[in-house]
Amino acid sequence: KAYMKPKICEHLFRHFDYVEKLGKGAFGRVLKVKDKLVERYYCSVILHAFTAKALREAKALSDLDHPNIVRYFSCWMGDSGYQSDSTDNSSCTSQSSTGSPKKCLYIQMELCDTKTLLDWIEDWYTKKSNSKRREESLNIAQQMVSGIKYIHSKKLIHRDLKPANILFGQDAKVKIGDFGLVTAENDDDDKSPMKRTESIGTKSYMAPEQVRTNYGRKVDIFALGLIYFELLWKFSTRYEKYKVGC
C-alpha cells in the first residue's frame, strides 16, 4: 500500500493528518483525513484541476443541508497536495506549460462508508435469501426520495443517480453523492445538458427524454425507479442485470 506524503499543499496537511486513500480516478483522488484539532475524520476530495464540473459540484454541495445528502464542509484551491512512494509517482497535478504547478480543488466532505449501494445490491447476488430485504429496500428508497425531494426543492436536478453514487454515512443513513452533473432546473445558460450527461453520466439510468436538451426533474425520478427495481429484484449475476437493461 502506497504511503501518501505532503508535497506542496501545506493547508491540507497543516490541519489534517492523512489516514488512508479511499479511491482514485481520472479526475482526482479521495482521502480519509483526521482533523488535528478536533480529532474528527473527514473525506477530502482532491480534484486534479479547477474545472467547471468541479466548481459545479462544490457550489451545489455548499447550498445543500439534508440528512440524506453527503454533507459539505469547505473547499479551497491549492497546489499539488501529495505524491506516492509507490510506482505510481504521479502527484495531484503536473506542472503547467509555464513551469508552475497547476491548481487543485480540495473539497472537505462528510466521511461515508466505502461500501456503496451498488455493493449492497451486488452482495445480494451471493446470498440465497434475506427475509428483511424488502423492508430494508423500502427504507433505503424512502431516504433516497427524501434527499431527491430536497434537491428538487432547491430547483436543482442531480442527473446522475445510480447505485454507485448512493453512499452510506457513519450513522448508516443513505447519502446521495456525486454532484458533478447537477444543474439548475431552469438554467438558461445551460445550453447542452444532454451532451454532458451522455458523455459523463450513466446511460443505463438516463430517462428517454434526455436525448433532448429540454427536460426537468422527472429524469431523477426515472432513475430512482430503476434503482428501486434493482433493490427489489434479485439478479443472479451482473451480466443478467445489464442484459435486462438496468
Side-chain angles (χ1 to χ4, degrees), residues 1 19-32 41-45 57 60-61 64-72 107 109-152 157-182 197 200-207 219-246:
K1 183 179 179 180
V19 179
E20 64 178 316
K21 182 176 72 176
L22 300 177
K24 77 171 187 175
F27 297 102
R29 307 195 184 199
V30 182
L31 304 182
K32 178 180 179 180
Y41 293 96
Y42 295 95
C43 170
S44 179
V45 179
E57 181 166 9
L61 284 170
L64 301 177
D65 184 13
H66 189 275
N68 297 122
I69 295 173
V70 175
R71 186 179 175 187
Y72 164 94
I107 305 177
M109 296 190 298
E110 170 186 8
L111 180 66
C112 291
D113 195 323
T114 56
K115 182 179 179 181
T116 68
L117 183 59
L118 177 62
D119 298 316
W120 192 88
I121 291 172
E122 294 191 342
D123 282 348
W124 195 30
Y125 297 166
T126 61
K127 297 177 181 178
K128 291 184 179 180
S129 63
N130 182 351
S131 59
K132 295 184 178 181
R133 177 73 183 196
R134 289 184 180 275
E135 179 183 343
E136 293 172 350
S137 296
L138 178 59
N139 179 263
I140 290 173
Q142 288 173 332
Q143 292 185 68
M144 288 192 298
V145 169
S146 179
I148 290 301
K149 182 179 179 181
Y150 175 79
I151 292 171
H152 290 172
I157 309 171
H158 188 282
R159 297 199 298 179
D160 196 21
L161 290 174
K162 57 183 178 182
N165 287 342
I166 306 298
L167 311 173
F168 295 97
Q170 300 298 300
D171 55 4
K173 288 184 179 179
V174 169
K175 304 285 184 177
I176 298 172
D178 197 339
F179 285 77
L181 291 179
V182 71
T197 302
I200 302 176
T202 306
K203 291 184 180 181
S204 55
Y205 292 92
M206 289 170 59
V219 299
D220 287 341
I221 299 172
F222 180 88
L224 279 176
L226 290 179
I227 296 171
Y228 191 37
F229 177 75
E230 286 187 69
L231 289 171
L232 295 177
W233 185 266
K234 182 178 179 180
F235 294 99
S236 58
T237 63
R238 183 184 291 190
Y239 172 76
E240 180 186 354
K241 183 182 78 169
Y242 288 121
K243 188 176 180 180
V244 170
C246 290

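We're numbering straight along the sequence, starting at 1.
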| Heavy-atom pair of closest approach, residues Gly147 and Ile69 | O-CD1, 3.9 Å

| field | Pairwise distance CD1(Ile227) to CG(Leu118) - rounded to 0.5 angstrom | value | 10.0 Å

| Closest non-hydrogen atom pair between Val182 and Arg159, with its separation | O-NH2, 4.3 Å

| Side-chain contact, heavy-atom cut-off 4.5 Å: Val145 with Ile148? | no

| field | Check against side chain to side chain contact (heavy atoms under 4.5 Å, CB included), Phe179 and Asp160 | value | CA-CA 8 Å; Phe179 285 77; Asp160 196 21; over 6 Å; no

| Taking all atoms of both residues into account, what is the closest heavy-atom pair of Lys173 and Pro67, and its distance? | NZ-CB, 4.1 Å

| field | Check: Leu232 and Arg134 side chains under 4.5 Å, non-hydrogen atoms | value | yes

| task | Please name the pair of heavy atoms, one in Tyr205 and one in Leu226, separated by the smallest distance, quoted to 0.1 Å. | result | CA-CD1, 3.9 Å

| Considering residues, nucleotides and ligands other than Asp113, do more than 12 of their heavy atoms fall under 6.0 Å from its CG? | yes

| field | Cation-aromatic face contact Lys32/Tyr41, 6.0 Å, 45 degrees | value | yes

| query | Tell me, do Met144 and Leu161 make a side-chain contact under 4.5 Å, heavy atoms counted? | reply | no

| query | Side-chain contact, heavy-atom cut-off 4.5 Å: Phe168 with Ile140? | reply | yes

| query | Of His152, Lys149, His158, which meets side-chain hydrogen bond (donor to acceptor under 3.5 Å, both in side chains) against Asp220? | reply | His152

| Does any non-hydrogen side-chain atom of Trp120 lie less than 4.5 Å from one of Ser137? | yes

| Rounded distance [0.5 Å steps], CD in Glu110 versus OH in Tyr42 | 10.5 Å

| said: Side chains of Glu135 and Asn139: any donor to acceptor distance under 3.5 Å? | reply: no

| query | Would a 4.5 Å heavy-atom cut-off, applied to side chains only, mark Leu64 and Tyr150 as touching? | reply | yes

| field | Separation of Tyr228 OH from Gln142 CD (nearest 0.5 Å) | value | 7.5 Å

| request: Kindly give the heavy-atom pair with the smallest separation between Thr116 and Ala164, and that separation in Å. | output: CG2-O, 3.7 Å

| Over all atoms of both residues, closest heavy-atom pair of Lys175 and Gly169 | CG-N, 3.5 Å

| query | With a 4.5 Å heavy-atom cut-off, do Val70 and Ile176 have their side chains touching? | reply | no

| Trace of the side chain to side chain contact (heavy atoms under 4.5 Å, CB included) decision for Glu20 with Thr114 | CA-CA 12 Å; Glu20 64 178 316; Thr114 56; over 6 Å; no

| So do Leu22 and Leu111 actually touch side chain to side chain, heavy atoms under 4.5 Å? | yes

